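Below is one structure; the comments refer to it alone.
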Amino acid sequence: MIYAIMYGLTVGAVLYLISVGFSLTFGTMRVINFAHTITYTLGAYLLIASIRSLGVPFFWGGAVGVAVAALAGYGIERFVIRRLYGESLDYTFIATYAVFLIGVDIVKWLWGVFPKPVSDPLGKTVDILGFVFPTYRLLVILLAIVVFFGLELFMRKTMVGKIIVAALDNREGVRCLGIGVEKYFSLAFVLGSALAALGGVLYAPITAVHPYMGSHILLLCFAVVLTGGLGNLRGTFLASFALGMLISITGRYWPAGSEIVAFIAMAAVLLARPIEA
Amino acid sequence: MSLLTTSGLTKRFGGLVAVNSVDLRIEENETLGVIGPNGSGKTTLFNLLSGFFPPTAGRIFFQGRDVTHLSPEERVKMGMVRTFQLVSVFNSLKVWENLVPCVAWKSGMYHSLWRFMTTPAASTWADSIEALKLVGLEGQAEAVAGELSYGDRRLLEIALALSLRPKLLLLDEPFSGLSDVEIAKVLALLKSLKGKITIGIIEHKISMIVDFVDRLCVMNEGHIICEGNPSEVLANPLVNECYWGKQETLERAGVSGV
Amino acid sequence: MGNVVKERGLVLEKTFVAMGKQLTQAGVGQKVLELILIGVVFLILVPFLGAHRATDFAIFCIIVLSFDLLYGYMGRLSFGHLLYVGVGAYTVGLALRYLTTNPLLAIVLGVVAACLAGMAVGAITVRIAGAAFALANLAFNRVGWFLVMSPLKDITGGENGLSIRNLSFWYVNFRNPTFRFWFVLASLLLVFLLLRIFTSSSYGVLLRSIKEDEKRVRFLGYNTQLYKWVTFVLAATVAGFGGALTALNYGYVNPNTLDVHANAGIVFACLLGGSGRLYGALLGGIIYMLITNLLPVYFQRWEFFLGVALLLIVFRFRGGIWGGLEALYSGLAARAKSGSSKEGMSR
Ligand SMILES: Nc1ncnc2c1ncn2[C@@H]1O[C@H](COP(=O)(O)OP(=O)(O)O)[C@@H](O)[C@H]1O
Ligand SMILES: [Mg+2]
């Protein structure tokens, strides 16, 4: 049971890292960025590529992954999302889905379709009260918490953060202010992409890396964001861990159902609180 | 009995109280003007009345029934119909098609989903044209609504509202953005309706509606600061003050003194 | 009690009278002509593709038509439409295995099952605004896929799929490709006719109003949630019909029928042909199938191709092929008009 909780926390941590970016774009612009999944996948693959072909250590490989994925995120925002700004959100969804398709195919082309394993970069375990945990997982959880507090600070202390918070609270209001909100959204977008890639990098040693790894996780992110409340960053944090737990604990007793419970939770939330605008 | 009454109607947007404990009353078949400077909460008041969003506090009664928590469509079915400050018609549809949902509703088609779904839209053509005749747009029935002039689209929106057979028609600044000719058209139309149905009309230029309405309500900063028949209201110094500001009121007084 | 029954009977009677009137009304000639035209197009396809593939094309057109009702007419983009195709197909497969030997009954069951699934999922997702609707449906599609693959593996066959044994019954023989072709073509025409009637009715206009501005429609006194739900269920039902036919056409159901990522194909076909126009959906369905069947691109870099094509459509060709043809036609008409008026002036 303790192990299930531990695993749940790890999943929650990764879910949080990926969901934050998704939540930022969804909460501020109601844009569902399907390409978010590809930045996440890209992060993981670049990590593997740099470890295998450049021979760099895990943490530098991760840095490369995050940096390149952030760049890709910028490209997506600049050339796809911004061009569709103010039009029907459906087009943005279709366009980002198209980017996802293109990205997946490029990943397949470069690295093949088969899952790639990544070994635990630390390979150490710690012993807490007689339970043995991989140190790496503890590190992942810690990192998610650090990111959470970092974001809280960022949102409260910086101008960009304040504007994003205002936009999450009242989209129309901020748009009316006439500040070039797009600039700030674009920044939030890149930040979100970088975090998604970080999630991909961190999750790689825990799960298998394969071209479609992102599309599955995106649905979970969607569930997280809905459960946590649109545009509610703290809610996203809590919901990530709650869903992570739910998945891991269900998985312990009913392995086949671990995916479904997340969606049941989502459906329940939707029933209680539909998205009306 | 009044057709519509509100008690303590309040709407907050965060820290801003856009409508602040308003007690409004509209009598059957009267024409009520709501005036007030920009941002005084007129549109928000109409939004509350029509069910655009729920009030923070207070209640709304229509024909003696509490409608505070009814959905917009239920209010429309009871006879509360509104138009929007920014003209809101279906730009991608043809002019006559805009009216189809309204007249289909009227002809009782609503009661049978199957009939509604299978009777060709063209069968409502005659009714649509009749509704368009009211506002003089029957000549443009086949045009796409988005290609009409702003004034014509305003007329179309009024035609939509009228074809729903309103008991209470709420018009939000029906003259804004129109040319003088178009204003005259709309005003003539409204005058022909006066006394037949109950009309609530928002306007921020008093002069426009002063000889048309039976009664005026003046809003400022979310409150109704004064109401009564037009001449009374205009004579009220409070109104001038909120409307033109102290300085200008004095100037006006000075001008009229000379 | 008796009164209620009587009333119901009356309503039923009225409905039939209305249906009859509908079919005998003016414009029937045009509809018949349209149906014949579509039939001829498919008959022309047969010599080139063979009956089996032409049948496949027609089934795909049914699915795209149902999607077009939801997306093209009502403006609600769903990325989970294949769920209903899958429900229809699996219900047929299971029904023919465990319940009945009559394929027609199985089709009915498949359609009903898809309808029920649509009712349940629609009740939740229809209330969702914007692009979140697309994703929520995708999530449900994923759940369906997952159910087939894992918890229900024992009856659905999981990855291996489900082969159907009882394909022939009485005169109904789904083993015969020619029979399948005619049956499916008739089904396509039926679906087209129904959707043609629905979309040109007041309800069709209402759908287009909802697409443009749902909130405004509520201020015309319509409970838009209800109409959105009805449309969702209708689209799901028709898609389920398509799924049932797929199962019978192949004699085999596999999980690919409700593969989440295949939804992009339907969206693409609909946009390619021109959304919001039934002819666009037909055209898009046929062209999409031609691409996937005839281009080798299908085997490699297919997703890349699809992605680029989707981006092109979104950025450049929103109206799709049918929209392009319409624009061309109206452009030509305008030119002809201005040409003749110029002539008149010079004279
Ligand atoms: N949806 C909204 N969110 C936040 N503030 C709003 C909203 N609608 C109106 N307001 C504010 O409420 C006040 C009253 O607005 P409104 O009723 O539109 O005024 P009027 O119609 O009299 O010009 C304004 O300060 C406006 O900014
Ligand atoms: Mg206003």
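Each chain gets a letter, A, B and so on, in the order its sequence line appears, and its residues count up from 1. Fair warning: this is a prediction, and the values are worked out from it, not measured in the lab.
Residue contact with chain A, scored on non-hydrogen atoms closer than 4.5 Å, involves the side chain of C:L271 exclusively. Neither the backbone nor the side chain of C:A309 comes within less than 4.5 Å of any heavy atom in chain A. Using a 4.5 Å cut-off between heavy atoms, C:F268 makes no contact with chain A at all. Both the backbone and the side chain of C:F304 come within less than 4.5 Å of a heavy atom of chain A. Using a 4.5 Å cut-off between heavy atoms, A:T92 does not touch chain C at all. In this structure, chain C has a heavy atom under 4.5 Å from the side chain of A:F93, while its backbone stays farther away.
For the atom pair CG of A:N33 and CG of C:L135, the computed distance is 11.0 Å after rounding to the nearest 0.5 Å. In this structure, the separation between CD1 on A:I32 and CZ on C:F79 is 11.0 Å, given to the nearest 0.5 Å. Atoms CG and OG, on C:L77 and A:S88 in that order, are 8.0 Å from each other to the nearest 0.5 Å. Atoms OH and NE2, on A:Y212 and C:H261 in that order, are 6.0 Å from each other to the nearest 0.5 Å. Interatomic distance, A:Y97 OH to C:L138 CG, rounded to the nearest 0.5 Å: 6.5 Å.
Using a 4.5 Å heavy-atom threshold, the side chains of A:D105 and C:W302 count as separate. Side-chain contact between C:R127 and A:L271 is present, with heavy atoms from C-beta onward closer than 4.5 Å. Residues C:V308 and A:I102 have side chains in contact (heavy-atom distance under 4.5 Å, counting atoms from C-beta outward).
Looking only at heavy-atom pairs under 4.5 Å with chain C, the residue among A:D90, A:V80, A:L220 that has the most is A:D90. No other option in A:L218, A:L84, A:V31 has as many heavy-atom pairs under 4.5 Å with chain C as A:L84. Between chain C and the residues A:W109, A:F263, A:F100, the most heavy-atom pairs under 4.5 angstrom are made by A:W109. For chain A, the option among C:A139, C:G130, C:A132 with the highest count of heavy-atom pairs below 4.5 Å is C:A132.
In plain terms, the two heavy atoms of A:A267 and C:I124 that are nearest each other are CB-CD1, 4.1 Å. The two atoms that bring C:G307 and A:A98 nearest to each other are O-CB, 3.3 Å, heavy atoms only. Here the closest heavy-atom approach between residue A:F79 and residue C:F315 is recorded as O-CZ, 3.8 Å. Considering all non-hydrogen atoms of both residues, C:E303 and A:L101 come closest at O-CB, 3.7 Å.
For C:F198, the CZ atom sits in a packed shell: over 12 heavy atoms of surrounding residues, nucleotides or ligands are nearer than 6.0 Å.
Counting only distance, with no hydrogens or angles, the side chain of C:R142 and the backbone of A:L219 share no donor-acceptor pair below 3.5 Å.
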